[in-house]
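Atom set for the values below is all heavy atoms of this structure, side chains included, hydrogens, waters and symmetry mates excluded. We name chains A, B, ... by the order of the sequence lines, and we start the count at 1 in each one.
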Protein chains: 2
Amino acid sequence: MAAARGQRGGDRDVPAAPNAAEVTMPIPPVSDTPMQRARAIPEAAVARLAVYLRVLSGMAEQGIVTLSSEELAAAAGVNSAKLRKDLSYIGSYGTRGVGYEVSVLVDQIERILGLTRSHSVAVVGIGNLGHALANYGGFPSRGFPVAALFDVDPDLVGVPVGGLPVSHIDDIPKVCAEREISIGVIATPPAAAQAVCDRLVAGGVASIVNFAPVVLQVPDHVEVRKVDLAVELQILSFHVARRADSMNVNGSALGNVDGVVIGR
Amino acid sequence: MAAARGQRGGDRDVPAAPNAAEVTMPIPPVSDTPMQRARAIPEAAVARLAVYLRVLSGMAEQGIVTLSSEELAAAAGVNSAKLRKDLSYIGSYGTRGVGYEVSVLVDQIERILGLTRSHSVAVVGIGNLGHALANYGGFPSRGFPVAALFDVDPDLVGVPVGGLPVSHIDDIPKVCAEREISIGVIATPPAAAQAVCDRLVAGGVASIVNFAPVVLQVPDHVEVRKVDLAVELQILSFHVARRADSMNVNGSALGNVDGVVIGR
DNA sequence: AGCCACTTGTGAACGAATGCACAAAGTGGC
DNA sequence: GCCACTTTGTGCATTCGTTCACAAGTGGCT
(Lines give C-alpha, C1' and ligand atoms only; values in the text may rest on other atoms or scores of the structure.)
Protein backbone atom coordinates (compact mmCIF):
# COMPACT_ATOMS: atom_id res chain seq x y z
CA MET A 1 0.00 0.00 0.00
CA ALA A 2 2.99 2.22 0.54
CA ALA A 3 4.31 4.22 -2.35
CA ALA A 4 7.46 2.19 -2.68
CA ARG A 5 5.80 -1.19 -2.87
CA GLY A 6 8.18 -4.03 -2.89
CA GLN A 7 7.62 -7.70 -2.61
CA ARG A 8 6.75 -9.83 0.30
CA GLY A 9 8.35 -12.89 1.62
CA GLY A 10 7.76 -15.59 1.79
CA ASP A 11 7.41 -14.86 4.59
CA ARG A 12 8.69 -15.89 3.29
CA ASP A 13 8.48 -15.55 4.03
CA VAL A 14 5.87 -14.94 4.79
CA PRO A 15 6.12 -15.09 4.66
CA ALA A 16 6.14 -14.03 4.54
CA ALA A 17 4.94 -17.09 6.19
CA PRO A 18 6.90 -16.22 9.12
CA ASN A 19 6.89 -18.01 12.35
CA ALA A 20 8.04 -14.82 13.92
CA ALA A 21 10.95 -14.91 16.27
CA GLU A 22 13.70 -12.79 17.55
CA VAL A 23 17.22 -13.76 16.84
CA THR A 24 18.24 -12.53 20.20
CA MET A 25 21.33 -13.99 21.62
CA PRO A 26 20.63 -14.20 25.30
CA ILE A 27 24.31 -13.93 26.11
CA PRO A 28 23.87 -13.57 29.83
CA PRO A 29 25.47 -10.66 31.68
CA VAL A 30 28.75 -11.88 30.29
CA SER A 31 30.62 -8.79 29.13
CA ASP A 32 29.76 -7.82 25.61
CA THR A 33 30.83 -9.84 22.62
CA PRO A 34 34.34 -8.61 21.93
CA MET A 35 34.33 -8.28 18.18
CA GLN A 36 31.17 -8.98 16.21
CA ARG A 37 28.82 -6.40 17.64
CA ALA A 38 25.84 -8.42 16.48
CA ARG A 39 23.24 -8.28 19.19
CA ALA A 40 19.57 -8.81 18.45
CA ILE A 41 18.83 -8.46 14.77
CA PRO A 42 15.16 -8.97 13.96
CA GLU A 43 14.51 -11.90 11.68
CA ALA A 44 12.83 -9.69 9.12
CA ALA A 45 15.82 -7.41 8.98
CA VAL A 46 18.16 -10.30 8.23
CA ALA A 47 16.14 -11.20 5.17
CA ARG A 48 16.30 -7.64 3.95
CA LEU A 49 20.02 -7.38 4.57
CA ALA A 50 20.49 -10.18 2.09
CA VAL A 51 18.54 -8.17 -0.44
CA TYR A 52 20.54 -5.03 0.23
CA LEU A 53 23.68 -7.04 -0.26
CA ARG A 54 22.61 -8.15 -3.71
CA VAL A 55 21.60 -4.67 -4.74
CA LEU A 56 24.88 -3.30 -3.44
CA SER A 57 26.89 -5.88 -5.34
CA GLY A 58 25.16 -4.75 -8.49
CA MET A 59 25.96 -1.14 -7.67
CA ALA A 60 29.59 -1.98 -7.05
CA GLU A 61 29.81 -3.58 -10.47
CA GLN A 62 28.43 -0.43 -12.00
CA GLY A 63 31.22 1.45 -10.35
CA ILE A 64 29.06 3.24 -7.83
CA VAL A 65 31.14 4.11 -4.80
CA THR A 66 28.80 6.00 -2.54
CA LEU A 67 25.06 6.28 -2.10
CA SER A 68 22.44 7.59 0.25
CA SER A 69 19.93 5.57 2.21
CA GLU A 70 17.26 7.04 -0.03
CA GLU A 71 18.84 5.66 -3.18
CA LEU A 72 19.57 2.26 -1.78
CA ALA A 73 16.10 2.03 -0.31
CA ALA A 74 14.52 2.78 -3.67
CA ALA A 75 16.61 0.13 -5.36
CA ALA A 76 15.74 -2.42 -2.72
CA GLY A 77 12.06 -1.55 -2.69
CA VAL A 78 11.79 -0.50 0.94
CA ASN A 79 11.39 2.82 2.67
CA SER A 80 14.51 4.65 3.68
CA ALA A 81 13.78 4.76 7.39
CA LYS A 82 13.49 1.01 7.49
CA LEU A 83 16.68 0.65 5.56
CA ARG A 84 18.59 2.88 7.93
CA LYS A 85 17.23 1.03 10.90
CA ASP A 86 18.21 -2.27 9.38
CA LEU A 87 21.72 -1.03 8.76
CA SER A 88 21.90 0.37 12.25
CA TYR A 89 21.53 -3.15 13.61
CA ILE A 90 24.90 -4.05 12.18
CA GLY A 91 26.70 -0.89 13.20
CA SER A 92 27.28 2.69 12.12
CA TYR A 93 29.02 2.67 8.80
CA GLY A 94 27.48 5.70 7.14
CA THR A 95 28.69 9.25 7.04
CA ARG A 96 26.14 11.91 7.87
CA GLY A 97 25.62 14.38 5.12
CA VAL A 98 27.16 11.97 2.62
CA GLY A 99 25.77 8.47 2.71
CA TYR A 100 27.29 5.04 2.67
CA GLU A 101 30.30 3.67 0.92
CA VAL A 102 29.22 0.67 -1.11
CA SER A 103 32.27 -1.47 -0.41
CA VAL A 104 32.03 -0.92 3.32
CA LEU A 105 28.40 -1.95 3.42
CA VAL A 106 29.08 -5.01 1.33
CA ASP A 107 31.86 -6.09 3.66
CA GLN A 108 29.85 -5.50 6.80
CA ILE A 109 26.72 -7.22 5.58
CA GLU A 110 28.77 -10.18 4.42
CA ARG A 111 30.38 -10.35 7.82
CA ILE A 112 27.07 -10.29 9.66
CA LEU A 113 25.51 -12.85 7.37
CA GLY A 114 28.44 -15.14 7.90
CA LEU A 115 29.43 -15.08 4.26
CA THR A 116 33.11 -14.79 5.00
CA ARG A 117 33.18 -18.56 5.28
CA SER A 118 31.71 -20.60 2.49
CA HIS A 119 28.93 -23.02 3.28
CA SER A 120 28.76 -26.29 1.42
CA VAL A 121 25.37 -27.25 0.12
CA ALA A 122 23.88 -30.67 -0.56
CA VAL A 123 20.96 -31.07 -2.94
CA VAL A 124 18.71 -34.05 -2.37
CA GLY A 125 16.35 -35.16 -5.10
CA ILE A 126 17.73 -34.78 -8.59
CA GLY A 127 14.48 -34.36 -10.47
CA ASN A 128 13.63 -31.35 -12.53
CA LEU A 129 14.07 -28.97 -9.69
CA GLY A 130 17.15 -30.66 -8.28
CA HIS A 131 18.74 -30.50 -11.68
CA ALA A 132 18.01 -26.83 -11.92
CA LEU A 133 19.54 -26.25 -8.51
CA ALA A 134 22.61 -28.35 -9.19
CA ASN A 135 23.32 -26.48 -12.38
CA TYR A 136 22.51 -23.02 -11.17
CA GLY A 137 25.71 -21.04 -11.12
CA GLY A 138 24.47 -18.42 -8.73
CA PHE A 139 25.35 -20.24 -5.54
CA PRO A 140 28.97 -21.22 -5.88
CA SER A 141 29.79 -17.66 -6.90
CA ARG A 142 28.13 -16.40 -3.74
CA GLY A 143 29.87 -18.69 -1.33
CA PHE A 144 27.53 -21.66 -1.43
CA PRO A 145 29.33 -24.42 -3.35
CA VAL A 146 27.18 -27.43 -4.12
CA ALA A 147 29.29 -30.23 -2.68
CA ALA A 148 26.95 -33.22 -2.76
CA LEU A 149 23.98 -34.54 -4.69
CA PHE A 150 21.66 -37.34 -3.66
CA ASP A 151 18.84 -39.34 -5.15
CA VAL A 152 17.12 -42.70 -4.64
CA ASP A 153 17.12 -43.72 -8.25
CA PRO A 154 19.90 -46.30 -8.78
CA ASP A 155 20.14 -45.28 -12.45
CA LEU A 156 21.04 -41.80 -11.36
CA VAL A 157 23.60 -42.72 -8.72
CA GLY A 158 27.10 -42.16 -10.03
CA VAL A 159 25.97 -40.03 -12.92
CA PRO A 160 27.55 -36.59 -12.82
CA VAL A 161 25.13 -33.68 -12.74
CA GLY A 162 26.64 -30.26 -13.08
CA GLY A 163 30.04 -31.89 -12.71
CA LEU A 164 29.28 -33.71 -9.48
CA PRO A 165 28.35 -37.38 -9.24
CA VAL A 166 25.08 -38.26 -7.57
CA SER A 167 25.21 -40.33 -4.38
CA HIS A 168 22.53 -42.54 -2.93
CA ILE A 169 20.31 -41.09 -0.26
CA ASP A 170 21.27 -43.88 2.10
CA ASP A 171 24.71 -42.37 2.20
CA ILE A 172 23.50 -38.94 3.21
CA PRO A 173 24.71 -39.08 6.82
CA LYS A 174 28.14 -40.37 5.89
CA VAL A 175 28.75 -38.08 2.92
CA CYS A 176 27.42 -35.00 4.64
CA ALA A 177 29.67 -35.53 7.60
CA GLU A 178 32.70 -36.17 5.37
CA ARG A 179 32.19 -33.15 3.17
CA GLU A 180 31.16 -30.89 6.00
CA ILE A 181 27.85 -29.97 4.44
CA SER A 182 26.24 -27.14 6.31
CA ILE A 183 23.09 -26.63 4.30
CA GLY A 184 20.78 -29.27 2.91
CA VAL A 185 18.30 -28.55 0.14
CA ILE A 186 15.36 -30.94 -0.12
CA ALA A 187 13.91 -31.16 -3.62
CA THR A 188 12.31 -34.58 -3.37
CA PRO A 189 8.69 -35.60 -3.72
CA PRO A 190 6.72 -34.87 -0.55
CA ALA A 191 6.56 -38.48 0.55
CA ALA A 192 10.34 -38.77 0.79
CA ALA A 193 11.02 -35.42 2.40
CA GLN A 194 10.78 -36.32 6.07
CA ALA A 195 13.03 -39.35 5.72
CA VAL A 196 15.58 -37.33 3.82
CA CYS A 197 15.40 -34.61 6.42
CA ASP A 198 16.08 -37.08 9.19
CA ARG A 199 19.16 -38.34 7.40
CA LEU A 200 20.46 -34.85 6.82
CA VAL A 201 20.08 -34.15 10.50
CA ALA A 202 21.87 -37.40 11.26
CA GLY A 203 24.69 -36.19 9.04
CA GLY A 204 25.10 -33.07 11.14
CA VAL A 205 23.25 -30.67 8.87
CA ALA A 206 21.56 -28.01 10.96
CA SER A 207 20.18 -25.80 8.20
CA ILE A 208 17.67 -26.97 5.64
CA VAL A 209 15.81 -25.44 2.75
CA ASN A 210 12.71 -27.44 2.00
CA PHE A 211 11.05 -27.30 -1.40
CA ALA A 212 8.78 -30.23 -0.70
CA PRO A 213 5.24 -29.31 0.28
CA VAL A 214 5.42 -30.94 3.68
CA VAL A 215 5.86 -29.63 7.18
CA LEU A 216 9.10 -31.13 8.42
CA GLN A 217 9.53 -32.19 12.00
CA VAL A 218 13.03 -31.44 13.22
CA PRO A 219 14.89 -31.19 16.50
CA ASP A 220 15.17 -27.74 18.04
CA HIS A 221 18.68 -26.97 16.92
CA VAL A 222 17.85 -27.44 13.25
CA GLU A 223 16.60 -24.51 11.21
CA VAL A 224 14.22 -25.08 8.34
CA ARG A 225 13.27 -22.57 5.68
CA LYS A 226 10.34 -23.52 3.56
CA VAL A 227 9.89 -22.60 -0.08
CA ASP A 228 6.50 -23.60 -1.33
CA LEU A 229 5.28 -22.51 -4.70
CA ALA A 230 1.79 -23.83 -4.11
CA VAL A 231 1.47 -21.67 -1.03
CA GLU A 232 2.72 -18.64 -2.92
CA LEU A 233 0.15 -19.21 -5.63
CA GLN A 234 -2.60 -19.59 -3.10
CA ILE A 235 -1.65 -16.37 -1.37
CA LEU A 236 -1.85 -14.60 -4.70
CA SER A 237 -5.16 -16.27 -5.34
CA PHE A 238 -6.43 -14.91 -2.07
CA HIS A 239 -5.54 -11.39 -3.07
CA VAL A 240 -7.12 -11.80 -6.45
CA ALA A 241 -10.33 -12.90 -4.75
CA ARG A 242 -10.08 -9.98 -2.37
CA ARG A 243 -9.73 -7.52 -5.19
CA ALA A 244 -12.63 -9.03 -7.05
CA ASP A 245 -14.79 -8.83 -3.94
CA SER A 246 -14.09 -5.21 -3.29
CA MET A 247 -15.08 -4.42 -6.86
CA ASN A 248 -18.37 -6.17 -6.48
CA VAL A 249 -18.99 -4.45 -3.20
CA ASN A 250 -18.59 -0.85 -4.23
CA GLY A 251 -20.53 -1.75 -7.32
CA SER A 252 -19.71 -1.27 -10.96
CA ALA A 253 -17.17 -3.95 -11.73
CA LEU A 254 -15.40 -1.87 -14.32
CA GLY A 255 -16.61 -3.82 -17.27
CA ASN A 256 -14.90 -7.04 -16.41
CA VAL A 257 -17.18 -9.99 -16.55
CA ASP A 258 -15.51 -12.25 -14.08
CA GLY A 259 -11.97 -13.28 -13.62
CA VAL A 260 -9.07 -11.37 -15.01
CA VAL A 261 -9.25 -7.64 -15.14
CA ILE A 262 -7.73 -6.43 -18.34
CA GLY A 263 -7.56 -2.69 -18.18
CA ARG A 264 -6.71 -1.14 -14.92
CA MET B 1 12.49 -21.28 19.89
CA ALA B 2 9.09 -22.49 20.89
CA ALA B 3 8.57 -26.16 21.55
CA ALA B 4 6.60 -26.78 18.41
CA ARG B 5 9.13 -25.25 16.08
CA GLY B 6 8.03 -25.13 12.52
CA GLN B 7 9.47 -23.40 9.54
CA ARG B 8 9.53 -19.79 8.56
CA GLY B 9 8.50 -18.12 5.55
CA GLY B 10 9.68 -16.95 3.32
CA ASP B 11 8.57 -13.97 4.63
CA ARG B 12 8.85 -15.07 3.21
CA ASP B 13 7.61 -14.28 5.99
CA VAL B 14 9.87 -13.41 5.84
CA PRO B 15 9.78 -14.54 4.89
CA ALA B 16 10.62 -14.30 4.23
CA ALA B 17 11.48 -10.69 3.16
CA PRO B 18 8.13 -9.46 4.17
CA ASN B 19 6.97 -6.02 3.43
CA ALA B 20 4.38 -6.37 6.11
CA ALA B 21 0.87 -5.27 5.39
CA GLU B 22 -2.68 -5.77 6.37
CA VAL B 23 -5.14 -7.15 3.97
CA THR B 24 -7.80 -4.94 5.35
CA MET B 25 -10.63 -4.10 3.08
CA PRO B 26 -11.47 -0.53 3.94
CA ILE B 27 -15.07 -0.99 2.84
CA PRO B 28 -16.34 2.33 4.14
CA PRO B 29 -19.39 2.49 6.39
CA VAL B 30 -21.22 0.65 3.67
CA SER B 31 -23.23 -2.07 5.36
CA ASP B 32 -21.27 -5.24 5.94
CA THR B 33 -20.25 -7.53 3.14
CA PRO B 34 -23.32 -9.63 2.54
CA MET B 35 -21.89 -13.08 2.07
CA GLN B 36 -18.16 -13.66 2.39
CA ARG B 37 -17.55 -12.51 5.91
CA ALA B 38 -13.88 -12.02 5.10
CA ARG B 39 -12.80 -8.84 6.79
CA ALA B 40 -9.21 -8.21 7.77
CA ILE B 41 -7.18 -11.38 7.59
CA PRO B 42 -3.56 -10.79 8.52
CA GLU B 43 -1.14 -11.52 5.74
CA ALA B 44 0.71 -14.06 7.86
CA ALA B 45 -2.48 -15.93 8.59
CA VAL B 46 -3.25 -16.29 4.90
CA ALA B 47 0.06 -18.02 4.34
CA ARG B 48 -0.66 -20.41 7.16
CA LEU B 49 -4.16 -21.13 5.93
CA ALA B 50 -2.63 -22.45 2.75
CA VAL B 51 -0.51 -24.78 4.82
CA TYR B 52 -3.47 -25.94 6.88
CA LEU B 53 -5.30 -26.64 3.68
CA ARG B 54 -2.58 -28.91 2.45
CA VAL B 55 -2.36 -30.76 5.72
CA LEU B 56 -6.12 -31.13 5.82
CA SER B 57 -6.21 -32.51 2.29
CA GLY B 58 -3.74 -35.14 3.36
CA MET B 59 -5.88 -35.98 6.36
CA ALA B 60 -8.98 -36.26 4.21
CA GLU B 61 -7.19 -38.77 2.00
CA GLN B 62 -6.33 -40.82 5.04
CA GLY B 63 -10.00 -40.89 5.87
CA ILE B 64 -9.79 -38.65 8.89
CA VAL B 65 -13.13 -36.97 9.41
CA THR B 66 -12.71 -34.91 12.53
CA LEU B 67 -9.81 -33.46 14.44
CA SER B 68 -9.00 -31.01 17.19
CA SER B 69 -7.08 -27.78 16.89
CA GLU B 70 -4.32 -29.43 18.83
CA GLU B 71 -3.88 -32.21 16.31
CA LEU B 72 -4.04 -29.98 13.28
CA ALA B 73 -1.66 -27.53 14.88
CA ALA B 74 0.88 -30.25 15.52
CA ALA B 75 0.67 -31.46 11.95
CA ALA B 76 1.07 -27.95 10.61
CA GLY B 77 3.90 -27.08 12.94
CA VAL B 78 2.25 -24.18 14.72
CA ASN B 79 0.84 -23.72 18.19
CA SER B 80 -2.81 -24.45 18.69
CA ALA B 81 -3.82 -20.98 19.83
CA LYS B 82 -2.46 -19.49 16.67
CA LEU B 83 -4.22 -22.08 14.63
CA ARG B 84 -7.56 -21.37 16.26
CA LYS B 85 -7.13 -17.66 15.81
CA ASP B 86 -6.27 -18.16 12.16
CA LEU B 87 -9.37 -20.24 11.66
CA SER B 88 -11.46 -17.74 13.53
CA TYR B 89 -10.65 -15.15 10.86
CA ILE B 90 -12.59 -17.15 8.35
CA GLY B 91 -15.56 -17.96 10.57
CA SER B 92 -16.69 -20.40 13.24
CA TYR B 93 -16.73 -23.83 11.80
CA GLY B 94 -15.66 -25.90 14.78
CA THR B 95 -17.73 -27.67 17.38
CA ARG B 96 -16.75 -27.07 20.98
CA GLY B 97 -15.87 -30.20 22.82
CA VAL B 98 -15.34 -32.02 19.53
CA GLY B 99 -13.14 -30.23 17.07
CA TYR B 100 -13.37 -29.52 13.37
CA GLU B 101 -14.75 -31.52 10.53
CA VAL B 102 -12.03 -31.89 7.93
CA SER B 103 -14.24 -31.47 4.90
CA VAL B 104 -15.82 -28.30 6.26
CA LEU B 105 -12.48 -26.70 6.90
CA VAL B 106 -11.20 -27.67 3.49
CA ASP B 107 -14.21 -26.09 1.83
CA GLN B 108 -14.04 -22.92 3.84
CA ILE B 109 -10.32 -22.38 3.41
CA GLU B 110 -10.64 -22.99 -0.29
CA ARG B 111 -13.42 -20.46 -0.45
CA ILE B 112 -11.43 -17.81 1.39
CA LEU B 113 -8.31 -18.41 -0.66
CA GLY B 114 -10.32 -18.05 -3.82
CA LEU B 115 -9.61 -21.59 -4.93
CA THR B 116 -13.13 -22.20 -6.12
CA ARG B 117 -12.12 -20.59 -9.39
CA SER B 118 -9.04 -21.83 -11.14
CA HIS B 119 -6.26 -19.39 -11.90
CA SER B 120 -4.30 -19.80 -15.10
CA VAL B 121 -0.56 -19.53 -14.74
CA ALA B 122 2.06 -18.42 -17.24
CA VAL B 123 5.68 -19.46 -16.83
CA VAL B 124 8.27 -17.16 -18.36
CA GLY B 125 11.80 -18.42 -18.90
CA ILE B 126 12.03 -22.05 -19.87
CA GLY B 127 15.46 -22.82 -18.50
CA ASN B 128 16.13 -25.47 -15.92
CA LEU B 129 13.76 -23.97 -13.43
CA GLY B 130 11.08 -23.07 -15.94
CA HIS B 131 11.15 -26.63 -17.20
CA ALA B 132 10.73 -27.93 -13.73
CA LEU B 133 7.78 -25.64 -13.14
CA ALA B 134 6.13 -26.42 -16.47
CA ASN B 135 6.34 -30.14 -15.81
CA TYR B 136 5.41 -30.08 -12.18
CA GLY B 137 2.07 -31.75 -11.82
CA GLY B 138 1.26 -30.23 -8.48
CA PHE B 139 -0.30 -27.03 -9.76
CA PRO B 140 -2.91 -28.11 -12.26
CA SER B 141 -4.28 -30.54 -9.73
CA ARG B 142 -4.63 -27.72 -7.23
CA GLY B 143 -6.42 -25.31 -9.49
CA PHE B 144 -3.48 -23.60 -11.11
CA PRO B 145 -3.31 -24.84 -14.69
CA VAL B 146 -0.22 -23.77 -16.57
CA ALA B 147 -1.73 -22.14 -19.64
CA ALA B 148 1.20 -20.39 -21.27
CA LEU B 149 4.97 -20.69 -21.56
CA PHE B 150 7.37 -18.03 -22.80
CA ASP B 151 11.04 -17.72 -23.66
CA VAL B 152 13.32 -15.52 -25.75
CA ASP B 153 15.20 -18.33 -27.39
CA PRO B 154 13.86 -18.72 -30.97
CA ASP B 155 14.93 -22.39 -30.96
CA LEU B 156 12.60 -22.99 -28.07
CA VAL B 157 9.59 -21.14 -29.41
CA GLY B 158 7.03 -23.59 -30.71
CA VAL B 159 8.56 -26.55 -28.95
CA PRO B 160 6.09 -28.18 -26.58
CA VAL B 161 7.21 -28.43 -22.98
CA GLY B 162 5.01 -30.45 -20.71
CA GLY B 163 2.47 -30.58 -23.51
CA LEU B 164 2.29 -26.84 -24.09
CA PRO B 165 4.12 -25.01 -26.88
CA VAL B 166 6.46 -22.20 -25.91
CA SER B 167 5.61 -18.70 -27.12
CA HIS B 168 7.95 -15.79 -27.58
CA ILE B 169 8.22 -13.26 -24.79
CA ASP B 170 7.26 -10.47 -27.17
CA ASP B 171 3.83 -12.01 -27.31
CA ILE B 172 3.34 -11.99 -23.56
CA PRO B 173 0.81 -9.16 -23.44
CA LYS B 174 -1.28 -10.59 -26.24
CA VAL B 175 -1.23 -14.21 -25.13
CA CYS B 176 -1.81 -13.40 -21.47
CA ALA B 177 -4.83 -11.30 -22.31
CA GLU B 178 -6.24 -13.96 -24.63
CA ARG B 179 -5.79 -16.85 -22.25
CA GLU B 180 -6.86 -14.85 -19.22
CA ILE B 181 -3.68 -15.52 -17.31
CA SER B 182 -4.01 -14.41 -13.73
CA ILE B 183 -0.63 -15.37 -12.35
CA GLY B 184 2.75 -14.92 -13.97
CA VAL B 185 5.82 -16.83 -12.84
CA ILE B 186 9.15 -15.28 -13.72
CA ALA B 187 11.97 -17.80 -14.02
CA THR B 188 14.30 -15.85 -16.27
CA PRO B 189 17.84 -14.67 -15.69
CA PRO B 190 17.90 -11.54 -13.54
CA ALA B 191 18.69 -9.21 -16.40
CA ALA B 192 15.49 -10.07 -18.23
CA ALA B 193 13.16 -10.08 -15.25
CA GLN B 194 12.05 -6.46 -15.17
CA ALA B 195 11.26 -6.36 -18.89
CA VAL B 196 9.29 -9.58 -18.60
CA CYS B 197 7.47 -8.23 -15.60
CA ASP B 198 6.46 -5.09 -17.48
CA ARG B 199 5.04 -7.18 -20.29
CA LEU B 200 3.08 -9.36 -17.91
CA VAL B 201 1.60 -6.26 -16.37
CA ALA B 202 0.78 -4.96 -19.84
CA GLY B 203 -1.03 -8.24 -20.44
CA GLY B 204 -3.26 -7.65 -17.45
CA VAL B 205 -1.47 -9.94 -15.01
CA ALA B 206 -1.78 -8.55 -11.51
CA SER B 207 -0.11 -11.34 -9.55
CA ILE B 208 3.48 -12.38 -10.03
CA VAL B 209 5.82 -14.90 -8.49
CA ASN B 210 9.39 -13.84 -9.07
CA PHE B 211 12.23 -16.36 -8.94
CA ALA B 212 14.78 -13.98 -10.39
CA PRO B 213 17.06 -12.35 -7.85
CA VAL B 214 15.94 -8.81 -8.66
CA VAL B 215 13.65 -6.36 -6.96
CA LEU B 216 10.86 -5.74 -9.41
CA GLN B 217 9.28 -2.34 -9.79
CA VAL B 218 5.55 -2.67 -10.39
CA PRO B 219 2.48 -0.44 -10.29
CA ASP B 220 0.50 -0.40 -7.07
CA HIS B 221 -2.23 -2.78 -8.12
CA VAL B 222 0.20 -5.57 -8.95
CA GLU B 223 1.22 -8.04 -6.27
CA VAL B 224 4.65 -9.62 -6.34
CA ARG B 225 5.82 -12.55 -4.27
CA LYS B 226 9.51 -13.15 -4.28
CA VAL B 227 11.18 -16.53 -4.02
CA ASP B 228 14.88 -16.19 -3.70
CA LEU B 229 17.02 -19.16 -2.90
CA ALA B 230 20.14 -17.09 -2.43
CA VAL B 231 18.40 -15.07 0.25
CA GLU B 232 17.22 -18.23 1.96
CA LEU B 233 20.74 -19.59 2.01
CA GLN B 234 22.09 -16.36 3.39
CA ILE B 235 19.53 -16.30 6.15
CA LEU B 236 20.57 -19.80 7.11
CA SER B 237 24.19 -18.73 6.92
CA PHE B 238 23.42 -15.94 9.35
CA HIS B 239 21.98 -18.36 11.84
CA VAL B 240 24.91 -20.70 11.46
CA ALA B 241 27.24 -17.81 12.23
CA ARG B 242 25.08 -16.84 15.18
CA ARG B 243 25.23 -20.31 16.58
CA ALA B 244 28.98 -20.52 16.10
CA ASP B 245 29.41 -17.20 17.89
CA SER B 246 27.42 -18.17 20.88
CA MET B 247 29.55 -21.25 21.24
CA ASN B 248 32.73 -19.27 21.20
CA VAL B 249 31.32 -16.85 23.70
CA ASN B 250 30.36 -19.21 26.44
CA GLY B 251 33.62 -20.98 25.78
CA SER B 252 34.33 -24.59 25.01
CA ALA B 253 33.42 -25.05 21.39
CA LEU B 254 32.43 -28.65 21.81
CA GLY B 255 35.34 -30.08 19.95
CA ASN B 256 34.54 -28.59 16.60
CA VAL B 257 37.49 -26.98 14.98
CA ASP B 258 35.73 -24.45 12.90
CA GLY B 259 32.80 -24.71 10.64
CA VAL B 260 30.34 -27.51 10.82
CA VAL B 261 29.40 -28.92 14.14
CA ILE B 262 29.03 -32.63 13.89
CA GLY B 263 27.67 -33.83 17.18
CA ARG B 264 25.04 -31.77 18.83
C1' DA C 1 -31.87 -34.55 33.66
C1' DG C 2 -27.68 -33.08 35.46
C1' DC C 3 -22.80 -33.20 35.75
C1' DC C 4 -18.18 -33.65 33.85
C1' DA C 5 -14.58 -33.57 30.62
C1' DC C 6 -13.27 -31.51 26.64
C1' DT C 7 -12.47 -28.09 22.96
C1' DT C 8 -13.55 -23.95 20.60
C1' DG C 9 -13.50 -18.94 19.99
C1' DT C 10 -11.89 -14.59 21.53
C1' DG C 11 -10.77 -10.49 24.67
C1' DA C 12 -6.86 -8.78 26.42
C1' DA C 13 -1.87 -8.65 27.45
C1' DC C 14 2.26 -8.79 25.43
C1' DG C 15 5.89 -8.42 22.06
C1' DA C 16 7.90 -7.33 17.53
C1' DA C 17 8.22 -4.48 13.46
C1' DT C 18 7.25 -0.25 11.04
C1' DG C 19 7.31 4.58 10.12
C1' DC C 20 7.91 9.32 11.81
C1' DA C 21 10.38 13.02 12.98
C1' DC C 22 14.29 15.15 14.71
C1' DA C 23 18.85 15.81 16.98
C1' DA C 24 23.52 14.80 15.94
C1' DA C 25 27.19 14.92 12.81
C1' DG C 26 29.55 15.73 8.84
C1' DT C 27 30.58 18.65 4.16
C1' DG C 28 31.42 22.47 1.35
C1' DG C 29 31.14 27.37 0.47
C1' DC C 30 32.28 31.88 1.68
C1' DG D 1 35.97 29.81 11.17
C1' DC D 2 31.19 29.97 10.66
C1' DC D 3 26.91 28.91 8.40
C1' DA D 4 23.71 26.52 5.50
C1' DC D 5 22.73 22.19 3.83
C1' DT D 6 22.60 17.25 3.65
C1' DT D 7 22.02 12.74 5.46
C1' DT D 8 22.59 9.45 9.16
C1' DG D 9 21.10 7.17 13.40
C1' DT D 10 17.55 6.53 16.76
C1' DG D 11 13.75 7.49 20.50
C1' DC D 12 8.99 7.22 20.21
C1' DA D 13 4.35 6.28 18.86
C1' DT D 14 1.74 3.15 16.30
C1' DT D 15 0.40 -0.74 14.02
C1' DC D 16 0.58 -5.60 13.39
C1' DG D 17 0.98 -10.28 15.10
C1' DT D 18 1.38 -13.90 18.75
C1' DT D 19 0.30 -15.94 23.04
C1' DC D 20 -2.37 -16.47 27.19
C1' DA D 21 -6.13 -17.75 29.61
C1' DC D 22 -10.82 -18.39 30.22
C1' DA D 23 -15.96 -18.18 29.31
C1' DA D 24 -19.12 -20.42 26.50
C1' DG D 25 -20.76 -24.37 24.27
C1' DT D 26 -21.12 -29.55 23.27
C1' DG D 27 -21.34 -34.52 23.84
C1' DG D 28 -21.16 -38.50 26.76
C1' DC D 29 -22.11 -40.85 31.07
C1' DT D 30 -24.54 -41.85 35.03
Does any nucleotide pair with C:dC30 by Watson-Crick or G-U wobble geometry, both distances under 3.5 Å, and what is it? D:dG1
Could you give the CG-to-C1' distance, from A:Leu105 to D:dT7, as a whole number of Å? 14 Å
Charged N to carboxylate O below 4.0 Å: is that the case for A:Arg225 and A:Glu43? yes
Contact state string [nucleotides 4-9 of chain C, B base, S sugar-phosphate only, - no protein heavy atom under 4.0 Å]: --BBBB
Please state how far atom CG in B:Asn79 lies from atom C1' in D:dC20, giving the value in whole angstrom units. 10 Å
Would you kindly say whether A:Ser69 and A:Arg84 are connected by a side-chain donor-acceptor distance under 3.5 Å? yes
To the nearest Å, how far apart are A:Leu72 CG and D:dG9 C1'? 15 Å
Roughly how many Å is it from NZ in B:Lys85 to P in C:dG15, rounded to a whole number? 16 Å
Rounded to the nearest Å, what distance is computed from the CG atom of residue A:Leu83 to the C1' atom of nucleotide D:dG9? 12 Å
Once you round it to whole Å, what is the distance between C1' of D:dG11 and OH of A:Tyr89? 12 Å
Send over the distance from A:Asp86 CG to D:dT8 C1', rounded to a whole Å. 14 Å
Rounded to whole Å, how long is the line connecting atom NZ of B:Lys82 with atom C1' of D:dC16? 13 Å
Do B:Val78 and B:Tyr52 touch side chain to side chain, with heavy atoms closer than 4.5 Å? yes
Can you name the one residue among A:Leu87, A:Thr95, A:Val65 that meets side chain to side chain contact (heavy atoms under 4.5 Å, CB included) with A:Tyr100? A:Leu87
Give me the atom names and distance for the closest heavy-atom approach of B:Gln234 to A:Ala50. OE1-CB, 3.1 Å
Closest non-hydrogen atom pair, B:Val201 against B:Pro219: CG1-CG, 3.9 Å
